[in-house]
Student: 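The structure under discussion is supplied below as structure tokens; questions concerning it will follow.
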Amino acid sequence: MRPPFFRKLVQRIREEFENAPDLRMTISEAARFFALDFATCERVMIELLRTGSVTRGPDRRYRLAAT
């Protein structure tokens, strides 16, 4: 089970992608945008990818998964 703060962080970032469906960013860009360290941001993006909330394109940018 993930700690509550991590689940809230994942939820917050998922909502950012949902509110801005054209948002596309690499982990480095996301880390700067969300003011996170790279490792934490990577964990969040992997979790979003695992749950199907986002996809990653060949340009290594994450984007909202098609619904």
Side-chain angles (χ1 to χ4, degrees):
M1 179 183 255
R2 302 279 187 191
F5 71 89
F6 184 77
R7 289 194 311 265
K8 287 183 182 206
L9 182 58
V10 169
Q11 178 182 344
R12 185 186 121 224
I13 292 176
R14 183 181 63 245
E15 289 170 356
E16 289 286 342
F17 277 97
E18 291 170 350
N19 291 331
D22 293 331
L23 189 62
R24 310 267 189 279
M25 58 181 70
T26 64
I27 291 177
S28 294
E29 292 166 338
R32 287 190 300 273
F33 185 79
F34 297 118
L36 299 170
D37 62 87
F38 185 89
T40 300
C41 190
E42 185 175 43
R43 286 181 51 220
V44 169
M45 299 309 281
I46 289 169
E47 180 68 12
L48 290 171
L49 193 61
R50 186 189 70 75
T51 61
S53 298
V54 300
T55 61
R56 187 174 66 185
D59 59 358
R60 303 189 58 80
R61 285 186 159 75
Y62 290 83
R63 62 189 49 92
L64 185 64
T67 55

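When reading the values below, keep in mind they use all heavy atoms of this one structure, side chains included, and skip hydrogens, waters and symmetry mates.
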Student: So, using side chain to side chain donor-acceptor pair (under 3.5 Å) as the criterion, who are the partners of Thr51 when residues are at least two apart?
Tutor: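 Thr51 satisfies side chain to side chain donor-acceptor pair (under 3.5 Å) with Ser53 only.
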Student: Residues in salt bridge (charged side-chain N to carboxylate O under 4.0 Å, His left out) with Glu29, at least two apart?
Tutor: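 Once residues adjacent in sequence are excluded, the partners of Glu29 under the salt bridge (charged side-chain N to carboxylate O under 4.0 Å, His left out) criterion are Arg61.
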Student: Starting from Phe34, can I reach Val54 by hopping between I/L/V/M/F/W/Y residues whose side chains sit under 4.5 Å apart?
Tutor: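 Both belong to a single hydrophobic cluster.
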Student: When you compare the side chain of Thr40 with that of Leu9, does any pair of heavy atoms fall below 4.5 Å?
Tutor: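 A side-chain contact exists here, since the closest heavy-atom pair is under 4.5 Å.
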Student: So which heavy atom on Ala31 is nearest to which on Cys41, and how close?
Tutor: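 Smallest heavy-atom distance, with atoms named: N-SG, 3.5 Å.
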Student: Return the minimal non-hydrogen interatomic distance between Phe38 and Ser28, and the atom names on each side.
Tutor: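 Closest approach of Phe38 to Ser28, heavy atoms only: CE1-OG, 3.6 Å.
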Student: Can you list the residues that meet the side chain to side chain contact (heavy atoms under 4.5 Å, CB included) rule with Phe6, with sequence neighbours excluded?
Tutor: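 Applying side chain to side chain contact (heavy atoms under 4.5 Å, CB included) to Phe6 gives Arg2, Pro3, Val10, Arg43, Val44, Glu47.
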Student: So if you build clusters from Ile, Leu, Val, Met, Phe, Trp, Tyr with side-chain heavy-atom gaps below 4.5 Å, do Leu48 and Leu36 land together?
Tutor: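 The answer is yes; both residues are in one hydrophobic cluster.
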Student: Salt bridge (charged side-chain N to carboxylate O under 4.0 Å, His left out) with Asp37: which residues, sequence neighbours excluded?
Tutor: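 Partners of Asp37 under the salt bridge (charged side-chain N to carboxylate O under 4.0 Å, His left out) test: none.
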Student: Which value, rounded to the nearest 0.5 Å, describes the distance between Arg24 atom CZ and Thr55 atom OG1?
Tutor: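 Result: 7.5 Å between the selected atoms.
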Student: Sequence neighbours excluded, which residues qualify as side chain to side chain contact (heavy atoms under 4.5 Å, CB included) partners of Glu18?
Tutor: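 So Glu18 forms a side chain to side chain contact (heavy atoms under 4.5 Å, CB included) with Arg14, Glu15, Leu64.
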Student: Kindly compute the distance separating CD1 (Ile13) from CE (Met25), expressed to the nearest 0.5 Å.
Tutor: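 CE of Met25 is found 9.0 Å from CD1 of Ile13.
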Student: Please name all residues satisfying salt bridge (charged side-chain N to carboxylate O under 4.0 Å, His left out) with Arg56, sequence neighbours left out, ordered by chain then number.
Tutor: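 Scan of Arg56 (salt bridge (charged side-chain N to carboxylate O under 4.0 Å, His left out), adjacent residues dropped) gives none.
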Student: For the OH atom of Tyr62 and the CD1 atom of Ile27, what is their distance to the nearest 0.5 Å?
Tutor: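 Reported value, rounded in 0.5 Å steps: 3.5 Å.
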